[in-house]
Each structure stands twice: as structure tokens, then as C-alpha cells.
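All values below come from the heavy atoms of this structure, side chains included, with hydrogens, waters and symmetry mates left out.
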Amino acid sequence: MINDVISPEFDENGRPMRRIRSFVRRQGRLTKGQQLALDNYWPEMGVEYQTSPVSLETLFGREAPTVLEIGFGMGTSLVTMAQNNPHQNFLGIEVHSPGVGACLGTAHEAGVSNLRVMCHDAVEVLENMIPDNSLTMVQLFFPDPWHKARHNKRRIVQVPFADLVLRKLKLGGVFHMATDWEAYAEHMLEVMNQIAGYRNRSESGGYVPRPDSRPLTKFEARGHRLGHGVWDLMFERKK
């Protein structure tokens with residue numbers, strides 16, 4: 001695995017340029033099991049970043065509806081979704097290598113064959129690798145809320161990003177977001193309502209109940225017991 005999640009960018013004078021990122025790269029220490037999974041299972045399920053579009057049919061060895069998840073953490077729910085939906089392809093993107101290793105190990109134990117993973121900036125992957133009109137769903141679950149006002153610009157859900165996702169979705173495809181931070185949920189709703197190409201699947205024009213397609217994690221279940229809220233948004237590409 002090429003452990004470089006951000007492609008360098010330079011100005012006309014050759015000086016490095018700084019882009020606002022929605023994540024802080026925290027490498028952390030790989031456990032022996034995570035390193036073993038990276039060594040053994042990355043060649044089978046891992047996808048290296050490239051600057052040209054990839055054929056999803058070639059990547060998965062078949063033509064099937066493809067779901068892309070951004071920021072899958074340790075990958076537990078992503079592997080569960082792949083297990084529960086063998087008729088779909090799943091591509092997960094995560095910038096932290098311990099999470100990638102954990103996901104690979106869990107996927108191997110589960111015996112799933114419809115999952116591929118990447119370790120790179122999701123915006124660059126969407127911009128350069130994913131063909132337009134190719135995805136059935138894009139999932140963004142519990143992204144960093146960047147709750148301090150001065151950091152709000154780092155939130156990944158902004159109009160340019162939502163426009164980018166729209167281009168990658170097929171007609172009728174869905175952008176599914178979830179957050180446990182109410183202020184971020186309100187921000188997401190405000191952003192998505194600005195884009196004419198989406199239709200909110202909520203009958204009330206707000207949030208939707210957690211769909212069965214998004215597994216309930218143990219952390220979310222604990223949050224519910226403590227009275228914490230979770231907000232799901234599902235916006236469908238309508239044109």
C-alpha cells in the first residue's frame with residue numbers, strides 16, 4: 001500500500017500549495033493484526049490511487065450497483081453492509097491506515113468478495129478516479145463536525161463537494177449522510193437544499209429515520225442509551 005493519502009500540489013512557481021482538508025491525518029500505531037491484514041489482504045482488496053478514471057466493472061470483476069463510503073473508520077459497519085448485500089459492490093475510502101488494516105482483517109474473516117478499500121483523500125478519488133454517473137449511493141457517516149466556528153470551513157459537506165457527489169451518482173442515486181452533531185446536521189441540510197439536482201427523501205423536508213441499510217453500531221447504540229441524537233439525511237439525484 002502506498003501510504004500517501006494526499007497528492008502534492010504546486011503553484012506556477014513550484015511552491016507547495018495548501019488545500020483546506022476535512023481531515024487531520026492521525027496515523028496511530030498499527031497493531032500486529034492490522035499490519036498482518038495490510039500485508040496479506042491489501043493485494044486482494046486494496047486499490048491504489050491513480051489520477052485517471054477506473055473501470056468499476058474491472059475493479060470488482062462484475063457489473064453491479066456500486067456503493068462508495070467515505071471515512072469508514074475501522075470498517076465494521078462497511079463489512080456488515082457488504083455481507084448483507086452480496087448483489088452490490090462496496091468501495092470504502094479511509095485516510096487512517098489502522099482503520100484500513102482493521103477493515104481488511106474483518107472483511108477477510110467475513111469472507112466477503114464484493115468489497116474494495118482505498119487509503120487516500122476521498123475528494124481526489126471522486127475528482128479523478130470515479131467516473132461520472134456511476135454510483136448507486138455515496139455514504140458519509142459521522143464525519144468530523146469541526147464544531148468550532150473557525151473550523152467550520154473544514155467540514156467536508158460544502159456546496160462544491162455535494163456538487164461533485166451529484167456528478168458521480170447515477171440518476172436516482174442517493175447521497176446518504178449521518179451525524180451525531182445537530183449543528184452539523186443543520187449545516188448539511190442547508191447545503192443540500194441549495195443544489196437543484198437533488199431531491200430530499202424526507203417527506204417533511206428535513207431528516208429521515210435511520211434506514212435498515214445503515215447498521216446500528218455499538219457506539220451509536222450507546223449514544224442512544226445516553227440520550228444522544230443521530231440525524232440521517234438522504235438526498236436523491238433527480239436530474
Report summary line: Of all heavy-atom pairs linking Ala162 and Val191, the shortest is CB-CG1, 4.3 Å
Query raised in the report: With a 4.5 Å heavy-atom cut-off, do Glu69 and Phe90 have their side chains touching?
Result: no
Query raised in the report: Does one hydrophobic cluster hold both Val159 and Ile70, with members joined at side-chain heavy-atom distances below 4.5 Å?
Result: yes
Query raised in the report: Which atom pair, heavy atoms only, marks the closest approach of Pro215 to Met81?
Result: CD-CG, 3.5 Å
Report task. Tell me yes or no: between the side chains of Tyr198 and Asn193, is some donor less than 3.5 Å from an acceptor? Result -> no
Query raised in the report: Ala82 and Asn114: which non-hydrogen atoms are nearest, and at how many Å?
Result: O-ND2, 3.1 Å
Report summary line: Value for CZ (Phe235) from CG (Asn200), rounded to nearest 0.5 Å, stands at 3.5 Å
Query raised in the report: With a 4.5 Å heavy-atom cut-off, do Pro143 and Met188 have their side chains touching?
Result: yes
Query - Same cluster (ILVMFWY, side-chain, under 4.5 Å), Leu59 and Leu126 - result: yes
Report task. Take atom CD of Glu186 as the centre, draw a 6.0 Å sphere, and report whether it contains more than 12 heavy atoms from other residues, nucleotides or ligands. Result -> yes
Query raised in the report: Do the side chains of Arg199 and Met234 get nearer than 4.5 Å, heavy atoms only?
Result: no
Query raised in the report: So, does Gln50 use its side chain to make a donor-acceptor pair with the main chain of Ser52 at under 3.5 Å?
Result: yes
**Report entry** Closest heavy-atom pair and its distance - Met118, Trp42
**Finding:** CA-CH2, 4.1 Å
Requested in this report: Check whether any side-chain N or O of Glu236 sits under 3.5 Å from a backbone N or O of Lys238 as a donor-acceptor pair, and report yes or no.
Outcome: no
Query raised in the report: So if you build clusters from Ile, Leu, Val, Met, Phe, Trp, Tyr with side-chain heavy-atom gaps below 4.5 Å, do Val100 and Leu30 land together?
Result: yes
Query - Check: Val157 main-chain N/O paired with His187 side-chain donor or acceptor under 3.5 Å - result: yes
Report summary line: When rounded to the nearest 0.5 Å, the distance separating OG of Ser213 from CG of Asn85 is 8.0 Å
Requested in this report: Quick one: closest heavy-atom pair of Gly101 and Leu38, and the distance?
Outcome: CA-CG, 3.9 Å
Query raised in the report: Sub-3.5 Å donor-acceptor pair from the side chain of Glu57 to the main-chain atoms of Glu63, do we have one?
Result: no
Query raised in the report: Nearest 0.5 Å, what's the CZ-CZ distance between Arg155 and Phe161?
Result: 14.5 Å
Requested in this report: Check the pair Asp132, Lys168 against side chain to side chain contact (heavy atoms under 4.5 Å, CB included), reporting the backbone distance first and the verdict last.
Outcome: CA-CA 4 Å; Asp132 290 351; Lys168 304 305 170 178; 2.7 Å; yes
Query raised in the report: Is there a donor-acceptor contact under 3.5 Å linking the side chains of Asn133 and Arg237?
Result: yes
Report task. State the OG1-CD distance between Thr80 and Gln83, to the nearest 0.5 angstrom. Result -> 6.0 Å
**Report entry** Thr66 side chain to Ala64 backbone, donor-acceptor under 3.5 Å
**Finding:** yes
**Report entry** Student check: side-chain heavy atoms of Gln139 and Phe72 closer than 4.5 Å
**Finding:** no
Report task. Using a cut-off of 6.0 Å, state whether more than 12 heavy atoms not belonging to Glu203 lie near its atom CD. Result -> no
Query raised in the report: Quick one: do the Arg116 and Asn89 side chains pair a donor with an acceptor below 3.5 Å?
Result: no
Query raised in the report: So do the side chains of Ile195 and Asp163 get within less than 4.5 Å of each other, counting heavy atoms only?
Result: yes
Query raised in the report: Linking I/L/V/M/F/W/Y whenever their side-chain heavy atoms sit closer than 4.5 Å, directly or via other members, would Leu68 and Met74 fall into one cluster?
Result: no
Query - His224 side chain near His228 side chain, heavy-atom distance below 4.5 Å - result: no
Query - Trace of the side chain to side chain contact (heavy atoms under 4.5 Å, CB included) decision for Phe142 with Val230 - result: CA-CA 9 Å; Phe142 308 104; Val230 172; 3.9 Å; yes
Query raised in the report: Is any side-chain heavy atom of Asp39 closer than 4.5 Å to a side-chain heavy atom of Tyr41?
Result: no
Query raised in the report: Is a side-chain donor or acceptor of Asp232 paired with a backbone partner of Tyr207 at a separation under 3.5 angstrom?
Result: no
Query - Stepwise side chain to side chain contact (heavy atoms under 4.5 Å, CB included) check, Cys103 with Thr76 - result: CA-CA 7 Å; Cys103 182; Thr76 304; over 6 Å; no
Query raised in the report: Which value, rounded to the nearest 0.5 Å, describes the distance between Glu44 atom CD and Leu104 atom CG?
Result: 9.0 Å
Report task. Give the intermediate values and the outcome of side-chain hydrogen bond (donor to acceptor under 3.5 Å, both in side chains) for residues Asp144 and Tyr184. Result -> CA-CA 9 Å; Asp144 194 325; Tyr184 197 7; over 6 Å; no
Query raised in the report: Once you round to the nearest 0.5 Å, how far does CG of Leu91 lie from CG of Leu135?
Result: 8.0 Å
Query raised in the report: Quick one: do Glu220 and Arg214 make a salt bridge, cutoff under 4.0 Å?
Result: yes
Query - Minimal non-hydrogen separation, Val165 against Phe175, with atom names - result: CG1-CG, 3.8 Å
**Report entry** 4.5 Å side-chain heavy-atom contact, Val208 and Leu233
**Finding:** no
Query raised in the report: Can the ring centroids of His176 and Phe141 be said to lie less than 6.0 angstrom from one another?
Result: yes
